[in-house]
Amino acid sequence: MVHSLNKKWKEFLFAFSGFGPNLLMIMMGSYYSDALNPSSLEMGEQFQAIMPGVCYILPALFPILFALGKIFDGLIDIPFAHITDTLSTRWGRRRPAIAVCFVPMLISYVLCWIPVGGADGKLLNTIWTAAFSIIFFAAYTMCLIAFYGSFSAVCIDEPQRLRVSGYKAFFDTISYCLVYALVPVILSGAQLHIDKLVFLCIPLMFTMIIPLFLIKEGEKYGYPENKGLKEEKVTMKESLVLTFKNRVFRRWIYVNCCTFFGLQMFLSSMNGLIIGGMGMNGFQMAMLNTCAFGPVPVMLYLFNKSKARHGIRATYQSCLLAFAISIMSFFFASRYVLGDGNMTAKMVIGIIGGLCGSWSIGAFFMMPYLAPSQISSVEERLTGRNHSAMYFAGNAVTTSIVGAVSGNLVYEYIKNIFIAKGKGFVWAEAEGSLSASEVAYRHFFGNAGSEAEVASSVFNFGNLLVPFIVMITCLSGFFIAKKLPKNFTPRILAEEFKAMDPTLDISMIEEDEVKKERSEIIFVQIGLSVLSGFIFGFIWSGLLMKSIKNMKKAFKWLPAFLLSCLVPFVQIVYLLKMRKTILELAKEKGADVKISTVALVLPALIFPVLFTNVISLAILQRGMNRIFEQEEK
């Protein structure tokens with residue numbers, strides 16, 4: 001394989017390759033279990049379900065089968081990694097693995113979202129979804145491991161790997177923003193259920209074929225590779241031993257497992273935490289997630305600045321501590337603590353928690369790519385052994401197991417536990433036309449009450465417990481991370497290899513090797529920060545103007561949207577016009593709305609185009625929310 005990313009646009013496009021499969025995988029991890037069993041959504045908005053209140057699977061059996069599927073997915077990472085590390089064909093070793101597995105990955109994903117047994121065939125649906133999820137996980141894993149395994153070879157040096165890892169983290173950020181900030185808005189606004197949206201997104205899977213054109217390997221480039229340049233062959237057993245005996249990698253795995261246990265549980269439960277636990281709708285959920293995911297690229301830039309100054313260990317520890325603190329906002333802003341009202345207080349707590357958590361999220365995206373690729377690259381230079389995919393497989397197998405336990409086993413069970421203050425706990429699941437929360441209400445209070453009585457009296461215990469579990473795992477990772485090296489630079493890693501094998505000559509690794517493109521990397525990160533950090537301000541401003549248009553037909557939202565977002569300071573005119581329109585609507589509907597002119601205009605002077613001015617957007621959105629609440633009464 002040759003260093004084929006010889007142009008900057010190729011680096012960007014290569015990092016984009018996994019965008020489609022990753023986005024659809026995130027949608028599956030975030031919405032799939034609630035789509036099939038919406039018990040954690042309680043009485044909230046349920047467009048995240050295939051059918052509101054309908055459970056399609058057996059709640060006692062599905063978590064076990066789905067967790068086993070995830071564990072199986074993790075275990076096959078190892079033989080798959082060895083295959084793609086040692087495969088020798090006329091087309092190379094990475095590209096055939098991607099090409100062969102792409103079609104089953106696509107088909108099995110579609111079939112996972114079709115419960116063929118209907119609402120009454122729970123056993124059939126449980127087996128069906130578990131079987132096709134295993135096929136999907138296996139095919140997805142092979143594609144992605146082959147893709148990740150090519151990182152160390154297609155990139156020529158550490159600065160390029162840092163750029164590509166940064167681009168990859170950028171696209172991961174976009175994926176999470178789309179899934180957690182935009183999807184709820186689409187579901188609510190279009191009155192669309194999650195399975196229908198998933199089918200519309202299926203064509204994005206085709207981004208996975210990009211590496212087939214960017215990875216240069218096979219006969220055309222020297223058969224089997226590099227015109228006969230021989231690498232030291234590594235058997236699967238040797239590769240496993242080398243990978244898991246590597247002291248730096250093993251310590252990273254311990255920390256990453258703690259991180260991933262909490263992160264996977266949080267991502268699996270986010271719908272329940274916000275919609276069920278906090279009592280919010282899809283639009284409010286989008287606002288919270290915009291605050292959490294929108295600033296991530298800016299945080300990535302600051303993460304790299306902090307890493308350069310304080311070291312990667314201390315910076316990553318700060319991320320774990322920040323996430324442990326931010327996750328508790330879901331408990332303190334829950335209906336159990338603040339009741340069914342107090343939405344302003346819930347939004348404030350949620351936004352503060354989201355901004356705090358955004359410092360961590362970017363690092364959680366970037367480190368699983370950067371750490372294995374750096375370690376494997378240094379090892380190849382020092383020993384001539386190339387088994388980079390095995391490091392990614394080692395990363396994947398451990399995170400698959402802890403992810404299966406946290407998100408697919410522990411959470412799937414605790415989300416079926418309900419609590420009523422002063423009355424204890426009960427395991428509940430949907431029965432006939434009754435939702436799980438209504439079944440729990442009958443258990444505690446004897447007869448089914450109104451929707452309001454159920455919502456205010458019965459709480460999902462899983463939604464309350466998740467923040468505490470995530471906080472504990474993040475704090476555990478914080479203390480374990482003290483064993484990591486201060487940095488993952490080639491020189492520091494080479495010294496770690498030297499400590500494990502004193503016979504190695506590390507003189508070829510220069511201390512200042514990483515410095516030569518530092519300014520360029522920072523420039524790229526700033527550009528990505530601007531592009532991604534405010535992308536949902538752009539979406540938010542359009543949605544806000546469209547909602548005003550829906551209630552006040554005379555408001556011309558499209559020219560206002562385009563001019564405000566593209567021409568500096570023009571937003572001030574339209575902010576004042578929107579303020580006037582909202583106050584008129586509030587008077588018509590009898591809603592108590594007050595909007596300060598100074599509070600709108602001052603942020604507009606600091607952020608000259610509207611999509612960057614989330615402060616004014618939040619003020620106007622608050623006014624619209626009060627109008628919506630008044631209409632619902």
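For the pair Y411/F266, no side-chain contact is recorded, criterion being any heavy-atom separation below 4.5 Å from C-beta on. Contact of the N487 side chain with the R313 side chain is not registered, since no non-hydrogen atoms from C-beta on lie closer than 4.5 Å. The shortest side-chain heavy-atom distance between F137 and M28 falls under the 4.5 Å cut-off.
Heavy atoms only, all atoms of each residue included: I274 and F330 are closest at CG1-CE2, 3.6 Å. Of all the heavy atoms in K498 and T503, the pair that sits closest is NZ-C, 4.4 Å. Scanning both residues, L320 and C474, for their nearest heavy atoms gives O-CB, 3.6 Å. Contact between N395 and N256 at its shortest, heavy atoms only, is OD1-ND2, 3.4 Å.
With F147 as the partner, the ring-ring contact (aromatic ring centres under 6.0 Å, His included) test is satisfied by one option alone out of F102, F19, F14, F16: F14. In summary, of the residues considered (W252, W359, F303), a ring-ring contact (aromatic ring centres under 6.0 Å, His included) with Y316 occurs for W252 alone.
A donor atom on one side chain and an acceptor atom on the other are not found under 3.5 Å apart for S406 and Q264.
Using a 30° and 60° split on the angle between ring planes, F364 and F323 fall in the perpendicular class, above 60°. Taking the six-membered ring for Trp and thresholds of 30 and 60 degrees, Y109 and W113 have ring planes inclined between 30 and 60 degrees apart. Using cut-offs of 30° and 60° for the angle between ring planes, the Y32 and F62 rings count as tilted.
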Please assess Y31 against V179 for the test side chain to side chain contact (heavy atoms under 4.5 Å, CB included), listing each intermediate value before the final yes or no. CA-CA 9 Å; Y31 295 98; V179 171; 3.4 Å; yes

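Scored by the side-chain contact (heavy atoms from CB on, under 4.5 Å) test, F72 finds I76, I134 as partners (sequence neighbours excluded).
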